[in-house]
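Convention: sequence-line order gives letters A, B, ...; per-chain numbering from 1.
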Amino acid sequence: MKGGLLAVLGGLLLVALVVGAGQGQMHVPPLEVLGSVLHRFGLDLGPLPTHPRAEDTLWDVRFPRVVLAALVGAALATAGAVMQGIFGNPLAEPAVVGVSSGAAVAAGSVIVFDVAVLGSWTIAVAAFLGGLAATLLVYLLSRDGGRTEVVTLVLTGIALNAMTSAALAFLMFLGDQQAREEIVFWTLGSLNGTRWAAVAVVAPLTATGIAAALVLARRLDLLALGDRAAFHVGVDVERLRLAAIVVVALLTAAAVSFCGIIAFVGLVVPHLVRMVAGPGHLLLVPASALGGAVLLTFADLWARTAIDNADLPIGMLTSLVGGPFFFWLIRRSRRTAGGWA
Amino acid sequence: MIEARDIHVTLGDKVVLDGVDLAVEPGELVALVGPNGAGKSTLLGVLAGDVRPGAGEVRLTGRPLASYAAREAAQQRAVQLQQQGLAFGFRVRDVVAMGRSPWHRTMRAAADDEVVAAAMARTDVDRLAERTFPTLSGGEQARTSFARALAQETPVLLLDEPTAALDIRHQEAVLGVARAVAAEGAAVVVVLHDLSLAAAYADRICVIADGRVRAVGAPRDVLTEELLGEVYQHPVRVLDHDGTPVVVPVRAVQEARC
């Protein structure tokens, strides 16, 4: 059962990547996509692309984009799963609690003030620090007597989101035309114009974040018992929460730094996985990572092919679908727990 | 085994515990009784390590409780809280197995499956094993939590009103198991409201009122009409039923007020 779900999702991801790479203004059949990849790795298997510019298109434009979509989807869904685990609340999500917008403000400042001290890593590092600061702020403000209450936490997240959108507005006011456009594109969320340089930054961040989430998985299960009972079975609750917050900030930074704010992936994917496979984090974390990768690769494919010659912002699409899903989740938890759990 | 010395706890302006001493030895079941707000649950929280006392010290198997890491403490004492909640829909079997986590990656982990099965059988939740926890009734949830505490296999067991949501059969069963665990060598502390139940199962009863220990000793010596009448501010009769005290409130039906 466990291996089965992961195998199915892994297979789906492979299909998504191959189909996603083949679709666009220039159509490349799936077999030729596979052939191109295999030849690159020195295996003379499968047909090479027939179109003269197909090879360049695949390797310069399509592959970095589908790979980044998969990485960002995996990062967001894992961040959502971990966050829901620490707050014991299926409604927690990086965008809801203010981590995404905190990261966006820090990255926006780097764009506006033209800071590039760390090369292509500058934006990612800024996004991580911004996300971390935002999460820690929410956590400290909503903490009372060494404990975190969920309602307070979510409300603090709302207040923080209000402040960060003001800060983003101010940055847009400060910036020149180009910076302004970059920030707008960012708050919409898009994978347009992805290069390998972005993949080289996002891949290690995502891999580290998912690995750390797997290490925390067993303890996140115990946290479902509540803070006191989790402590009674041997969990150092405060330390676990801090570690998990760093993981969430890392994964969110991985997603936000090049693609902007893509909301609700972290909400929808872990929820669907829980419905299929139950709430155990040892399976939830890797299945969410794979599921998020599949979802965002297909969503991105849709975003760039739904309308001819137009690249729709993917963040808009995920919010369009995720928003109603959020409503449904709220209604459901109102029925089962008075809306507070 | 577990010992509280001169515990003081203040929450806000209210003095909740005011110089409480309590020592529980292996093989002994001690019931904490007293009126609402007397400080019973706070004392249990202090013994569990949830509440840091403002003054005084708890010693668990000879060492200060404050010096234990979370996991070390979990290998020594298990707790069942009054409120059972679970954030996600884990199955009953998974919840009981969570009690084994302090022993993860130790020699004792080999016995996990057996211990979990035995704990579920003892608390009569084995037929609920595949149900998800949030779909259970309050009493079934309480028994699942009790099974989880048993699966922890600790020398100290702390239970906060484990019988509150249970029917008569399961009340007797749960305290019977607690008794048996004590007989196997554990030190067991149980917060109870039902004085007759406490009298039937406890080796010693500790009466707490206004944050102080008013009496501690064998049920027969502690459960007196004078003391209980004063502590609960309601007259009671203590009857003898086959050698066990049974406490009955005096009811004046005509004057009954809520």
**OP:** Give, as side chain, backbone, both or neither, the part of L81(B) having an atom under 4.5 angstrom from any heavy atom of chain A.
**Re:** side chain
Original post:
Side chain, backbone, both or neither: which part of A48(B) has an atom under 4.5 Å from a heavy atom of chain A?
Top reply: both
Original post:
How close do A224(A) and F90(B) get, heavy atom to heavy atom, and via which atoms?
Top reply: CB-CE1, 3.6 Å
Subject >> Contacting region of V233(A) [heavy-atom separation from chain B under 4.5 Å] >> reply: both
Taking donor and acceptor roles from the modelled atom types, list the N and O pairs under 3.5 Å across chain A and chain B.
| unit_1 | atom_1 | unit_2 | atom_2 | d |
| --- | --- | --- | --- | --- |
| R218(A) | NE | H104(B) | NE2 | 3.2 |
| A224(A) | O | A87(B) | N | 3.0 |
| R228(A) | NE | D50(B) | OD2 | 2.7 |
| R228(A) | NH2 | D50(B) | OD2 | 2.9 |
| H232(A) | O | R77(B) | NH1 | 3.1 |
| H232(A) | O | Q152(B) | NE2 | 2.9 |
| H232(A) | NE2 | D50(B) | OD1 | 2.9 |
| H232(A) | NE2 | D50(B) | OD2 | 2.8 |
| V233(A) | O | S101(B) | OG | 3.3 |

Subject >> Atom of F88(B), atom of P279(A) and distance for their closest heavy-atom approach >> reply: CB-CB, 3.5 Å
Subject >> Most chain A-contacting option - heavy-atom pairs closer than 4.5 Å, from G49(B), A87(B), A78(B), P134(B) >> reply: A87(B)
Subject >> Any side-chain heavy-atom pair of L225(A) and V95(B) under 4.5 Å >> reply: yes
